A.B. asks: 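Got a structure for you, written out below as structure tokens; questions coming shortly.
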Protein chains: 2
Amino acid sequence: MLLAERPLEALTVDAVVEAAAVAKGTFYYHFQGMEELAAAVGEKLGESFDEMLAPARLGMRDPVARLSFAFNQFLEKAMADRVWARLVIQSAQAPTEFARSIRANLKGDLTEARAQGRLKVNDVDLAADVVMGIWLQVTRGILQGRTGTDLPERALAAMLRALGVAPPQKRKKDLEEV
Amino acid sequence: MLLAERPLEALTVDAVVEAAAVAKGTFYYHFQGMEELAAAVGEKLGESFDEMLAPARLGMRDPVARLSFAFNQFLEKAMADRVWARLVIQSAQAPTEFARSIRANLKGDLTEARAQGRLKVNDVDLAADVVMGIWLQVTRGILQGRTGTDLPERALAAMLRALGVAPPQKRKKDLEEV
DNA sequence: AGTCAGATCGACTATATAGTCAATATGAGA
DNA sequence: TCTCATATTGACTATATAGTCGATCTGACT
């Protein structure tokens, strides 16, 4: 929660041990310092992502469907859990292992989609920036108070238009495969 | 420069006075504290934006052209001046006056474009998130080392597709009006 | 009950940082 | 040259923070 509120550089060990109602020595018994705690939190966060994406990874062969599923999931989750959303944003803008991992997955799907000639954006890195940019900014918007149950699907539509994928017949079907 | 490197919460007065080669008392003679310095820097940054956008504001009646011009300018500037880019990113993700001002301008153009029936995205707030999201993330990409002189125009194309504006004949012409 | 490895505690030192203030320097105009 | 408002200096106090360490606690196992 504290790492969701402020960046790592501004979080003190004292604040952590007070919030955890634990003595200072206990903190240093478990972690070398704040960086190690942040890494541990990042790892947990990464696991939550893997769990959310597991069904997509198994059941969906279409890279665009996988990507759409993930995009949608993340926005839904952000609306349901503000703390999670804040933490994601803090973690995504720092060059953490977590951020690299997300981007790697995304680029995997995009590369595959590109190989199938499904994208108007040919530069995979640019495509990844577009997807992540919309995702993160819409998430910030949600934290700012933007609402609407159809927000994720409208954001998704804009994202797919940006990539230039043909408006899919199969998307709905693929989503229901899960 | 220091505010470009680390967030406000992690920047110390001692670091500032050392970098400025000035005594501590001098700092407090000019500013109440770090927040006030940050506000002053934000104001300067805002002025640089106004200057960059002045031609667009005067010469362009088409809101989509204005928006495209600004988007392009900001990316070009980011490629030319890394420190500026870093500072923009730090400032844009905090809820500064600067960030609000940019968004307000953007929403103005988007509202006008929407009134002309030019956008597929009907929610102006969502549209603003899409534009800012792509802009900021592509800027981060530039800082990460992404290159290519046509990057701004390709990012712009993706952004316009996301909004769902018709691929314009007039855009080139409007840009040259300046 | 006794043992002990693992966990917790909080006082302690050292350093970093914020903010103050009286003394001094600067330079434009009389 | 003299005056004075403005600007600068750096030492100083008070507080915050990082990191250490010996004492103590806990609970599983004998």
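Note on naming: letters A, B, ... go to the chains in the order of the sequence lines (proteins, then strands), and numbering restarts at 1 for each one. For clarity, every value in this text was computed on a predicted model and none was experimentally measured.
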A.B. asks: Using whole Å, report how far CG of B:Asp14 lies from P of C:dA16.
C.D. replies: 10 Å
A.B. asks: Taking only N and O in the side chain of A:Tyr29, is any of them less than 4.0 Å away from OP1 or OP2 of C:dA7?
C.D. replies: yes
A.B. asks: A:Asp81: what forms a side chain to side chain contact (heavy atoms under 4.5 Å, CB included) with it, not counting sequence neighbours?
C.D. replies: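 Expected list: A:Lys77, A:Val83, A:Trp84.
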A.B. asks: Quick check: any donor-acceptor pair below 3.5 Å linking the side-chain of B:Lys24 to the base of C:dA18?
C.D. replies: yes
A.B. asks: Just how far, in rounded Å, is C1' of C:dA22 from OH of B:Tyr28?
C.D. replies: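 Taking atom C1' of C:dA22 as the reference, OH of B:Tyr28 is at 18 Å.
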A.B. asks: Under the 3.5 angstrom rule, does the side chain of B:Thr96 hit a backbone N or O of B:Ser91 as a donor-acceptor pair?
C.D. replies: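 Judged by distance alone, yes, a pair lies under 3.5 Å.
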A.B. asks: 5'-most contact on DNA chain D: B:Ala23 or A:Leu11, nearest heavy atom basis?
C.D. replies: B:Ala23
A.B. asks: Examine distances only and state if a side-chain atom of B:Arg6 and a backbone atom of B:Leu11 form a donor-acceptor pair shorter than 3.5 Å.
C.D. replies: no
A.B. asks: Between the main-chain N or O of A:Val22 and the side-chain N or O of A:Thr26, is there a donor-acceptor pair closer than 3.5 Å?
C.D. replies: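 Looks like no, no N/O pair under 3.5 Å.
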A.B. asks: Looking at A:His30, I'd like to know whether one of its side-chain N or O atoms comes within less than 4.0 Å of OP1 or OP2 on C:dT8.
C.D. replies: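 The answer is yes; a side-chain N or O of A:His30 sits under 4.0 Å from OP1 or OP2.
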A.B. asks: More 5' along DNA chain C: B:Ala15 or A:Thr26, using each one's nearest nucleotide?
C.D. replies: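 Final value for this comparison: A:Thr26.
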A.B. asks: Nearest whole Å is fine: how far is C:dT20 P from B:Phe27 CZ?
C.D. replies: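 Distance, rounded to whole Å: 12 Å.
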A.B. asks: Without decimals, in angstroms, what is the distance between A:Glu9 CD and C:dA16 P?
C.D. replies: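 From A:Glu9 CD to C:dA16 P: 18 Å.
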A.B. asks: Got a sec? Which of residues 31-39 of chain A come in under 4.0 Å of DNA chain C, heavy atoms?
C.D. replies: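 Residues of residues 31-39 of chain A under 4.0 Å from DNA chain C: none.
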A.B. asks: Judged by atom type as modelled, is there a donor-acceptor pair below 3.5 Å linking the side chain of B:Asp150 to the main-chain atoms of B:Glu153?
C.D. replies: no
A.B. asks: Within a 6.0 Å radius of atom CD on B:Glu18, are there more than 12 heavy atoms belonging to other residues, nucleotides or ligands?
C.D. replies: no
